[in-house]
Amino acid sequence: MAKFYVTTAIVYVNDRPALHYVYELVAADVLARYHRLAGDDTFFLTGTDEHSINVERAARQQGMAARVYSDQMAQIYKDVEAQFRISYDRFIRTEDPDHVAGVQKLIAAIQARGDIYKGTYSGWYCPSCEAFYQESELNNGYCRIHPAIKASWLQEDNYFFALSRYQDRLQQHIEKHPQFIQPESRRNEILGWLKAGLKDFSISRSTIAWGIPFPGDERHVVYVWGDALVNYITGVGYGSDEAAFRRWWPADLHIIGKDITRFHVLYWPAMLMSAGLPLPRRVWGHGWMLYRGERTSKSAGTAIDPNEAAVTFGPEAVRYLLLRELPFDRDGEISWDGMTDRYNADLANDLGNFVYRTLSMMQRYFDGKVPLPDGDATPLDARLRTAFEKAVRGFDRHLKDMDFSGALALIWDAVNRGNKYIEESAPWVLARQSDQRRRLQTVMYNLVEAIRLTAYLVSPFMPEAGAKIAAQVKADLKAPWATAREWGRLAPRTQTTLDSPLFPRIEKPEPSLP
RNA sequence: GCCGGAGUAGCUCAGUGGUAGAGCAACCGGCCCAUACCCGGUAUGUCGCAAGUUCAAUUCUUGCCUCCGGCACCA
């Protein structure tokens with residue numbers, strides 16, 4: 001049995017959940033569900049990043065202790081993940097005791113290797129925020145949060161990680177393993193970056209209190225990357241459950257936003273090398289979700305509320321729409337209009353109607369009981385079968401390449417073939433002619449078989465819709481996929497049922513008069 | 001400024017050295033099992049601009065324009 005361990009970035013709890021965060025979660029969830037379907041031993045890790053000055057400040061603004069605030073936010077994020085059916089195996093929090101212990105163990109290991117040294121960090125500092133900022137984060141030198149306060153150039157002693165020592169090893173690893181950074185565009189960027197040479201980075205802060213105490217110097221807390229990235233190993237037992245850790249690590253896939261690629265393919269691997277641990281197999285930096293041409297962002301206030309999308313389309317459809325509308329390897333644009341069109345076209349008209357009209361005819365002609373196919377397959381029958389076999393093969397191939405919309409396109413080719421098959425076979429005509437009974441049996445058998453396969457193919461993307469379709473044709477989604485995927489596995493005499501339409505059409509508001 | 005990507009039908013995008021394709025939307029027709037659905041058909045484009053190579057370029061080269069991304073401590 002193959003093993004599959006997938007992670008998403010842990011989300012920063014400085015604000016409420018946004019739709020672009022759901023996007024990343026859904027992508028990882030589809031892969032996790034796909035691997036479970038395929039019978040792989042699967043572990044799916046998500047969670048929250050709760051430390052840092054920003055979180056501390058957000059808590060203070062609401063008059064809460066950071067820990068109380070984090071507890072509350074972690075719950076909000078968990079609720080959203082439940083709403084969108086994210087099937088994580090663990091939701092890790094950077095406040096979890098085993099994470100804290102694991103971080104300290106990793107830092108200690110890196111210290112033991114001699115890769116941490118005391119140095120001086122200097123930067124623009126806002127005394128009111130008690131935080132350092134990049135020049136680009138300031139407003140003409142003034143703090144954006146405290147517009148009256150001018151940031152001052154300050155330095156503090158903190159601990160550095162000797163990233164520069166790993167320059168050659170990182171370069172070799174990336175050159176030798178083309179799949180390590182994907183897509184290709186991200187890989188090229190990183191190779192260019194490497195050419196410029198790596199600098200050490202600071203891994204502790206003494207100006208922040210909300211964080212994990214730095215081993216050996218409790219006046220400091222572990223800063224950002226020494227904390228957040230480490231969740232990928234502490235989440236599967238590093239520092240707390242060595243057997244579990246050996247079983248799952250290295251991760252097969254880190255799914256992240258493209259903006260944090262560098263930290264995942266340079267900082268993180270170097271830290272792992274230093275601690276003598278294996279590197280993740282693959283890091284995928286996905287594109288951004290754009291809305292009206294802009295990157296949606298919590299801090300810029302342009303985020304889309306996931307709940308609004310869920311109310312409009314239903315959580316299941318949102319999962320589908322995000323993965324179908326956005327290319328996973330680069331940025332993509334979404335709009336309410338585009339999503340509404342696609343919902344009606346793909347989900348209501350194509351998929352939903354295909355299932356509903358077929359099962360309705362099953363009730364009418366056979367009382368729902370799957371008939372025995374009778375007679376040789378016609379070219380029309382073969383075309384239907386071929387379309388589904390192609391979708392099944394493409395499902396594997398495209399999901400391995402993280403090409404969600406490619407996989408979905410093939411499934412929809414098959415579903416549309418099904419709709420054409422109905423038109424071309426015209427079961428309602430066959431039903432009127434008593435000498436066509438055998439042909440009608442074959443046609444309806446083929447259609448229900450198509451729907452059975454559709455249930456499997458759709459289920460990683462829309463688990464509940466998949467389950468509803470499966471229930472109507474008595475398909476077992478837990479059955480081994482290796483055999484369930486074969487055309488013709490539908491047992492005659494299976495009792496099908498007719499449920500209500502899966503995806504009711506959504507009416508678009510009339511455009512207002514010019 | 002440097003590096004990289006992109007500019008193709010109303011929209012989202014695919015594509016090739018030989019006078020352009022898909023899906024959606026639009027329009028016409030058919031069907032009636034079905035969620036005003038499905039099926040068939042139709043139309044639409046100076047393929048960013050200019051020059052060059054070539055018998056021939058949207059596809060190759062060069063220049064330009066526009067947009068986007070990356071250019072170190074931000075989750």
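In what follows, chains carry the letters A, B, and so on, assigned in the order in which the sequence lines appear, proteins first and then strands, with residues in each chain numbered from 1.
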Item to complete: Name all stems that contain residues of RNA chain B, defined as runs of 3 or more consecutive Watson-Crick or G-U wobble pairs, both distances under 3.5 Å.
Response: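 Listed by first number, the stems are B:1-7 with B:65-71, B:10-13 with B:21-24, B:26-30 with B:38-42, B:48-52 with B:60-64.
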Worksheet item: Taking only residues two or more places apart in sequence or in another chain, which ones pass salt bridge (Lys or Arg N to Asp or Glu O under 4.0 Å) with E175(A)?
Response: none
Counting any heavy atom closer than 4.0 Å, what does [X] reach on the DNA or RNA strands: base, sugar-phosphate only, or nothing?
X	result
N353(A)	base
G192(A)	nothing
K420(A)	sugar-phosphate
P504(A)	base
I10(A)	sugar-phosphate
L502(A)	base
W193(A)	base
D346(A)	nothing

Protein-nucleotides 8-16 of chain B N/O pairs under 3.5 Å:
from: A14(B); atom 1: OP1; to: R330(A); atom 2: NH2; distance (Å): 3.1

Worksheet item: Where the side chain of Y267(A) is concerned, which of A72(B), C39(B), G69(B) is the nearest nucleotide?
Response: A72(B)
Fill in: Most 5' of D350(A) and Y223(A) on RNA chain B, judged by nearest nucleotide
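Upstream on the strand: D350(A).
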